[in-house]
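See below for the structure under consideration.
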Number of protein chains: 2
Amino acid sequence: MLRVRATRERKLSRGGARAVKRGSPPGHHRVPAARPRAARGGGAGLSRDPALPGSPGPAMLRLLAAGCLLPAGPASCSRAWLPRPPGPASGRGLLSRQGRAAAGSAGGGQVPALKTPKGTRDHSPVHVVLRDRLLAAVVACFKRHGAAAIDTPVLELREMLIGRYGEGAKLIYELQDQGGELLALRYDLTVPFARYLAMNKITNMKRYHVAKVYRRDNPATTRGRYREFYQCDFDIAGQFDPMIPDAECLKIVHEILSDLQLGDFLIRVNHRQILNGVFAVCGIPESKFITTCSTVDKLDKMPWEEVRSEMVGEKGLSPEAADRIGEYVQLHGGLDLIERLLQDPKLSQNKLAKEGLGDMKLLFEYLTLFGITGKVSFDLSLARGLDYYTGVIYEAVLLQQENNHVEEPVSVGSVAGGGRYDGLVGMFDPKGRKVPCVGVSIGIERIFSILEQRVEASGEKVRTTETQVLVATPHKHLIAARLKLISELWDAGIKAEMLYKKDPKLLKQLQYCEDTGIPLAAIVGEQELTDGVVKLRDVATREEVDIPREKLVDEIRRRLEP
Amino acid sequence: MLRVRATRERKLSRGGARAVKRGSPPGHHRVPAARPRAARGGGAGLSRDPALPGSPGPAMLRLLAAGCLLPAGPASCSRAWLPRPPGPASGRGLLSRQGRAAAGSAGGGQVPALKTPKGTRDHSPVHVVLRDRLLAAVVACFKRHGAAAIDTPVLELREMLIGRYGEGAKLIYELQDQGGELLALRYDLTVPFARYLAMNKITNMKRYHVAKVYRRDNPATTRGRYREFYQCDFDIAGQFDPMIPDAECLKIVHEILSDLQLGDFLIRVNHRQILNGVFAVCGIPESKFITTCSTVDKLDKMPWEEVRSEMVGEKGLSPEAADRIGEYVQLHGGLDLIERLLQDPKLSQNKLAKEGLGDMKLLFEYLTLFGITGKVSFDLSLARGLDYYTGVIYEAVLLQQENNHVEEPVSVGSVAGGGRYDGLVGMFDPKGRKVPCVGVSIGIERIFSILEQRVEASGEKVRTTETQVLVATPHKHLIAARLKLISELWDAGIKAEMLYKKDPKLLKQLQYCEDTGIPLAAIVGEQELTDGVVKLRDVATREEVDIPREKLVDEIRRRLEP
C-alpha cells in the first residue's frame with residue numbers, strides 16, 4: 001500500500017534502533033534512522049543519555065527534528081525553507097551546539113530549557129509525511145473492514161482509568177488538582193472506547209480510533225518507547241457468534257503487516273481461558289491466576305528457568321505446580337496442538353480449558369478460510385499484561401530476516417496486539433450490562449522507525465510540500481505582477497508559492513524550485529505582461545514555453561496529471 | 001471545497017448555538033445542531049446546565065455522541081451498528097435516562113461517573129466524518145500555499161508556557177508533579193512553534209499544524225468554547241520584505257471562509273504599532289500600553305462608554321486621555337482612513353504610528369492585488385489579547401445573514417485570528433536571536449457547529465463507513481462460503497462487510513445494507529457455489545445479476561466508479 005521502495009531488508013537492533021551510515025559529507029543528509037536509544041530520553045535528553053562515541057545518530061535525529069531532510073544531491077537541503085546543513089560541523093559538533101544552548105538556558109534563568117518533555121518528540125515535516133503515509137495505510141485497512149471512526153478526549157476522569165491496567169497504573173499521567181474534577185491523560189484507546197459505549201448505551205459498533213496515548217514509561221526499562229505515542233485501534237463490540245469478529249481482527253493484522261511489507265512476521269495467539277484452565281489443572285488457586293499470568297507473560301523476554309524461579313520465589317507457587325505449568329506454556333503449534341490438548345486427560349476435564357480450546361479450534365478453522373494460518377501460531381506462553389482480557393489474545397512480532405547485510409543481532413518487538421475483553425464495558429455500566437468486545441491495536445511507532453530506515457535505504461527524496469508552481473519574475477519592480485498571478489492560481493486551486501522578497505533574483509527563485517522539488521515555474525516579466533503570456537518552465541528539463549495567460553491553469557493541470 | 005449543499009443560511013444565536021427542529025418523529029433523527037450552551041459543561045454537564053424546557057437539543061447532542069445519526073428515511077438509524085432510536089422515548093426521556101445513569105453511578109461508588117471531563121466531548125462517527133471534511137478543506141488551503149506540516153507534543157515543559165499568554169495564563173492545564181519535569185498541556189500551537197524554531201535553529205519555515213489545544217476556560221464567561229479544541233494554524237517564519245507574508249495570511253483566511261461558504265464575513269485588521277502610537281499621542285505612559293490594549297480589546301463585546309470607564313477606573317487613565325483614545329479606536333475604514341491618519345497632525349509625528357500606518361498602506365496595496373479588500377476593514381478597535389503580537393493583527397468574523405428564517409438575534413464570534421509576532425522565537429533562543437513570524441489560526445470549532453447545522457438543514461445522509469459490498473448468504477450453513485468470499489474481496493482492496501452471525505437471515509443482511517448505505521450485496525448460496533458465480537445485488541434498485549466469481553472484483557469496481 002505504501003509507495004516506498006524497499007531496496008533491502010536490514011537487521012534491527014533490539015529496540016529497533018540502528019546507526020545511520022557514517023561519514024556522509026555535509027549537505028548529503030538522507031533520512032536518518034530513528035534511534036530510540038537516544039530518543040528515549042526525549043528530544044533534548046542527550047545529556048541524560050549520552051550518544052555513543054562517534055555515533056552521528058542523535059545529531060541526525062536533531063536534523064530530522066529540524067526538518068533538514070530533503071536528502072541527497074548537492075542542493076538537497078532546501079536553502080529557503082529548511083535550515084542550512086551545519087557546514088563543516090560534524091554531527092557531534094551540532095550535538096555540542098545543542099548542548100551549549102541547553103547549558104546557556106539553564107544558566108540564564110530567563111530562557112527556558114529548549115526541549116520537549118522527557119520521552120516526547122517533535123515531528124518534523126519529513127516525519128509527518130512518512131507518518132501520514134503509514135497511518136493512511138492502516139486506516140485504509142480499517143475502512144476496508146467497515147469501521148467508523150470516533151474520537152475521545154485526551155483527558156479522562158482519573159477514576160475512569162483506575163484499576164484497568166494492572167501494573168500499568170503507575171504510568172498514568174495525572175493532572176494537577178486545579179479545582180474541579182481530577183483528570184488524567186488517556187493510557188490507551190480501549191478504556192475510553194468502553195467508557196464511550198457504556199455512556200452512550202451502544203451495544204454494537206465497529207470502530208477505529210487513531211490517536212496519541214500517554215504513559216510515564218521508565219526509559220531505563222523500556223526500549224524504543226515514547227511517553228507520547230500513537231495507537232491505531234480497531235474494535236468490534238457486540239454480541240455475535242463465536243470467533244467471527246476475533247478472526248477478522250487477526251485478518252486485519254495480517255493485512256496491515258503484509259501491506260506494509262515489513263518482512264516476515266508471526267501472529268501469536270492464545271486464550272485467557274486456556275491459560276486459566278492450565279493454571280487450574282496445575283493446582284494453582286484461582287486467586288493467583290492473574291499474578292501467575294503476568295509472570296507467564298515474561299516468557300518472551302526471559303528463559304523458562306527465570307520465569308519458573310519468579311513463580312516459585314515471588315509468586316509463591318510450589319515447584320511442582322510451576323513445573324506442571326512449564327510443560328504447558330512452552331507449547332506452540334497449530335490445529336494439531338489444539339487437537340492434542342483437547343485429548344489431554346487433565347485439560348479436557350477442565351471446563352475453562354475446554355471452552356477455550358473449542359474457541360481456538362473454531363478460530364483456526366476461520367483463519368484457514370482466510371488463508372492466514374501460515375503466519376499464526378497457537379502459543380501457550382502468550383499471556384498479555386492487561387487485566388481486562390477475557391478470551392482470545394494475540395500479539396504480532398516481526399521476524400528476523402536472513403540476509404547478508406547483518407550488522408547486529410536482531411530482536412524486533414511486538415508491532416500489534418489485542419484480544420477479547422467481554423467484561424470491560426460492564427464495569428462502566430451502572431447496571432453492569434456487558435457488551436462483548438474484541439479488538440486490536442497496531443503499534444505504529446515501531447513500524448514507523450522501520451519505515452524510516454526503509455526510506456533512508458531507498459534514497460527516496462521526501463517532499464514535505466506539494467507545491468506545483470513557483471510564481472517568479474525575471475527582474476525588479478514586478479511584485480505586483482507576481483501577487484496578481486499567484487492569486488489567480490490559488491483561486492483556481494493550483495498549489496503555488498512565491499519568494500517573500502520584493503525583488504528576488506531569478507536564479508534564487510529557480511534554485512528554490514530545485515531545492516524543494518517544485519516541478520514548474522511560472523515566470524512573468526515585462527515582455528510577458530505585454531504579450532499576455534506566462535513563461536512556463538519545466539524545472540527538471542529547463543524547457544520554457546510561453547502560454548497564453550488564460551490557458552495557464554489548464555496547462556499546469558495538464559502537465560501535472562499523474 | 002466541501003461537498004455540502006447549503007440549502008439555506010440560518011441565523012445563529014450568540015454562541016453559534018441553535019435549537020434543532022422540534023417534533024421530529026422518533027427514528028427520524030437528523031444531524032442535530034451543536035448546542036455549545038449545553039455542551040459547555042462537557043459531555044455530561046447536563047445537570048450543571050439544565051436544558052431549556054421542551055428543547056430537544058441536549059438529547060440530540062447525546063444521540064450525536066452515540067453515533068445514532070444516519071439521518072432521515074424510515075430505516076435511517078442503523079440497526080446493526082448504531083444504537084436503536086429511543087423508541088417512544090422523547091429526547092427528554094433519553095436525557096432523564098442519562099441522568100439516572102449518572103445518579104446511579106454516584107450512588108454505587110464502584111462505577112465511575114459516566115462522563116467526559118468538563119468542557120470536553122466525544123466525537124461520534126458522524127462528528128468525525130464532518131470534522132474531517134472541514135479539516136480537509138482547511139488543510140487543502142494550507143497546502144495550496146506551500147506549507148509543510150509539523151507536529152509537537154501535547155505536553156510542554158511548564159516554564160515554556162509561562163508568561164506568554166497574558167491573562168490566559170491561569171487557564172493552562174498543569175500536570176501533577178509525579179517526579180521529574182513540571183509539565184503542562186499546550187495552550188495554543190504558536191508558542192510550541194516558536195519553541196520548535198528556536199530549538200532547531202530554524203530561521204525560515206512555512207508550516208501548518210492542525211491539533212488540539214487545552215484551556216481551562218470558565219464555562220460561565222465564554223460561549224461555545226470547549227476546553228479541548230482544535231486549532232488550525234498556518235505560520236510563516238523568516239526575515240522577508242514587509243507585508244508580503246502578512247498579506248498571504250489574510251488571503252488564506254479569505255480563501256478558507258469563501259471555500260466553506262459560511263456566508264458573509266469581515267476581516268478586521270489593525271497594527272500593534274498603530275495602537276501604541278495612538279496611546280503615545282494620547283499621553284499614555286508606555287508602561288500602560290499592554291494593559292490599555294487589553295481594555296481596547298473589549299470594544300467588540302462592550303460599548304465605548306464601558307470601555308472608557310474601565311480605562312479611567314481600573315486602569316487609572318485620565319478621562320481626557322481616555323477620550324482622546326476613544327476618538328481613534330472607534331475609527332474603521334480602508335485605504336482612505338489610512339491616508340487620513342497619515343495626515344493626522346499628531347499621529348504623523350509619532351514614529352511607531354507612522355511605521356504602522358506605512359505597513360498598513362502597503363498591506364492594503366497587496367490586498368488590492370489579491371482582490372480581497374472588499375472584505376477587509378482597517379479597524380482601530382481591534383487589539384487582540386495575546387501579549388506576543390508586535391505588528392499587524394487581524395480577526396475574521398462571520399456577519400449576520402438577512403433572511404426569513406430568523407428566530408433569535410444573532411452575533412457570531414471570531415472564526416479566525418492571528419498576527420505578527422516578531423519577538424517570540426527570540427524569547428526562547430539562548431542568545432535572543434529573533435525570527436520574525438506571522439500567522440493565522442482558524443477557529444474550527446465554531447465553523448464546525450455551523451457546518452453541522454448546514455448538513456442538518458440539507459437533510460444530507462452522512463455515511464460513517466465506506467463499505468462498498470456486503471457479503472451475504474441466502475440460507476444456513478454457508479459461513480465458510482462467506483468468509484472465503486469476503487477474504488478474496490478484502491485482499492483485492494474492496495471495502496466489504498458481513499454480519500457476524502453464523503446463519504443470518506437474508507432479509508436482515510439486506511436491511512443492514514439499507515441502514516448503513518452499503519450500495520452492493522454479493523450473495524453466495526449453494527447454487528451460486530455450484531455455478532461458480534456470485535449474485536451481485538444493487539441495493540437501491542434491488543436488481544440482481546449473476547457474475548462469474550473471477551470477474552466479481554472488476555464488476556464491483558466498475559459499478560462503483562465515480
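In the text below, chain A, chain B and the rest are named by the order of the sequence lines, each starting its count at 1.
- Counting heavy atoms from C-beta outward, Ile150(A) and Ser124(B) have side chains that stay 4.5 Å or more apart.
- Chain A forms more heavy-atom pairs under 4.5 Å with one residue of Thr467(B), Asp132(B), Leu157(B) than with any other, namely Leu157(B).
- When His145(B), Lys251(B), Glu466(B) are compared by the number of non-hydrogen pairs under 4.5 Å with chain A, His145(B) comes out ahead.
- In this structure, CG on Asp151(B) lies 5.0 Å from OH on Tyr230(A), to the nearest 0.5 angstrom.
- The parts of Lys143(A) that come within reach of chain B are both its backbone and its side chain, each placing non-hydrogen atoms under 4.5 angstrom from that chain.
- With a 4.5 Å cut-off on non-hydrogen atoms, Ile486(A) touches chain B through its side chain but not through its backbone.
- For Gln178(B), the side-chain contact (heavy atoms from CB on, under 4.5 Å) criterion is met by Tyr173(A), Glu174(A), Arg216(A), Gln176(B), not counting sequence neighbours.
- With a threshold of 4.5 angstrom between heavy atoms, Leu367(A) does not approach chain B through any atom at all.
- One distance of note links CE of Met160(B) with NZ of Lys115(A); it measures 8.0 Å at 0.5 Å rounding.
- Residue Ala149(B) touches chain A through both its backbone and its side chain, counting heavy-atom pairs closer than 4.5 Å.
- With a threshold of 4.5 angstrom between heavy atoms, Ile172(B) approaches chain A through N, CA, C or O but not through any side-chain atom.
- Proximity of Leu155(A) to Arg227(B): side-chain heavy atoms (C-beta onward) are nowhere separated by under 4.5 Å.
- Contacts of Ile162(A) with chain B are absent, with no heavy-atom separation under 4.5 Å from either backbone or side chain.
- Both the backbone and the side chain of Ala480(A) come within contact range of chain B, with heavy atoms under 4.5 Å apart.
- Residue Tyr500(A) is tested with Asp246(B), Asp241(B), Ile236(B) for a side chain to side chain contact (heavy atoms under 4.5 Å, CB included); the sole match is Ile236(B).
- If you tally non-hydrogen atom pairs under 4.5 Å between each of Pro242(B), Gly371(B), Ala496(B) and chain A, the highest count goes to Ala496(B).
- When each of Ala148(A), Pro153(A), Cys141(A) is scored by its heavy-atom pairs under 4.5 Å with chain B, the top score falls to Pro153(A).
- Of all the listed residues (Gly180(A), Gly493(A), Ala247(A)), the one sharing the greatest number of non-hydrogen pairs under 4.5 Å with chain B is Gly493(A).
- When the candidates Tyr366(A), Phe370(A), Tyr214(A), Trp490(A) are compared by the number of heavy-atom contacts under 4.5 Å with chain B, Trp490(A) comes out ahead.
- Going from atom NE2 of His209(B) over to atom NE2 of His123(A) covers 9.0 Å, rounded to the nearest 0.5 Å.
- Considering only heavy-atom pairs separated by less than 4.5 Å from chain B, the leading option among Gln468(A), Arg131(A), Glu228(A), Lys484(A) is Glu228(A).
- With contacts defined as side-chain heavy-atom distances shorter than 4.5 Å, the pair Asp122(A)/Met199(B) qualifies.
- Considering only heavy-atom pairs separated by less than 4.5 Å from chain B, the leading option among Thr152(A), Leu483(A), Leu182(A) is Leu483(A).
- In this structure, the separation between CG on Leu114(A) and CG on Asp429(B) is 7.0 Å, given to the nearest 0.5 Å.
- The side-chain heavy atoms of Glu156(B) and Thr120(A), taken from C-beta on, include no pair separated by under 4.5 Å.
- Around atom NZ of Lys502(B), no more than 12 heavy atoms belonging to other residues, nucleotides or ligands sit under 6.0 Å away.
- Using a 4.5 Å cut-off between heavy atoms, Arg482(A) does not touch chain B at all.
- When each of Glu248(A), Lys206(A), Arg144(A) is checked for a side chain to side chain contact (heavy atoms under 4.5 Å, CB included) with Glu497(B), only Lys206(A) meets the rule.
- Residues Val154(B) and Leu185(A) have side chains not in contact (no heavy-atom distance under 4.5 Å, counting atoms from C-beta outward).
- When heavy atoms are compared at a cutoff of 4.5 Å, Arg207(A) does not approach chain B at all.
- Residues Ser487(B) and Leu369(A) fail the side-chain proximity criterion, which asks for heavy atoms closer than 4.5 Å.
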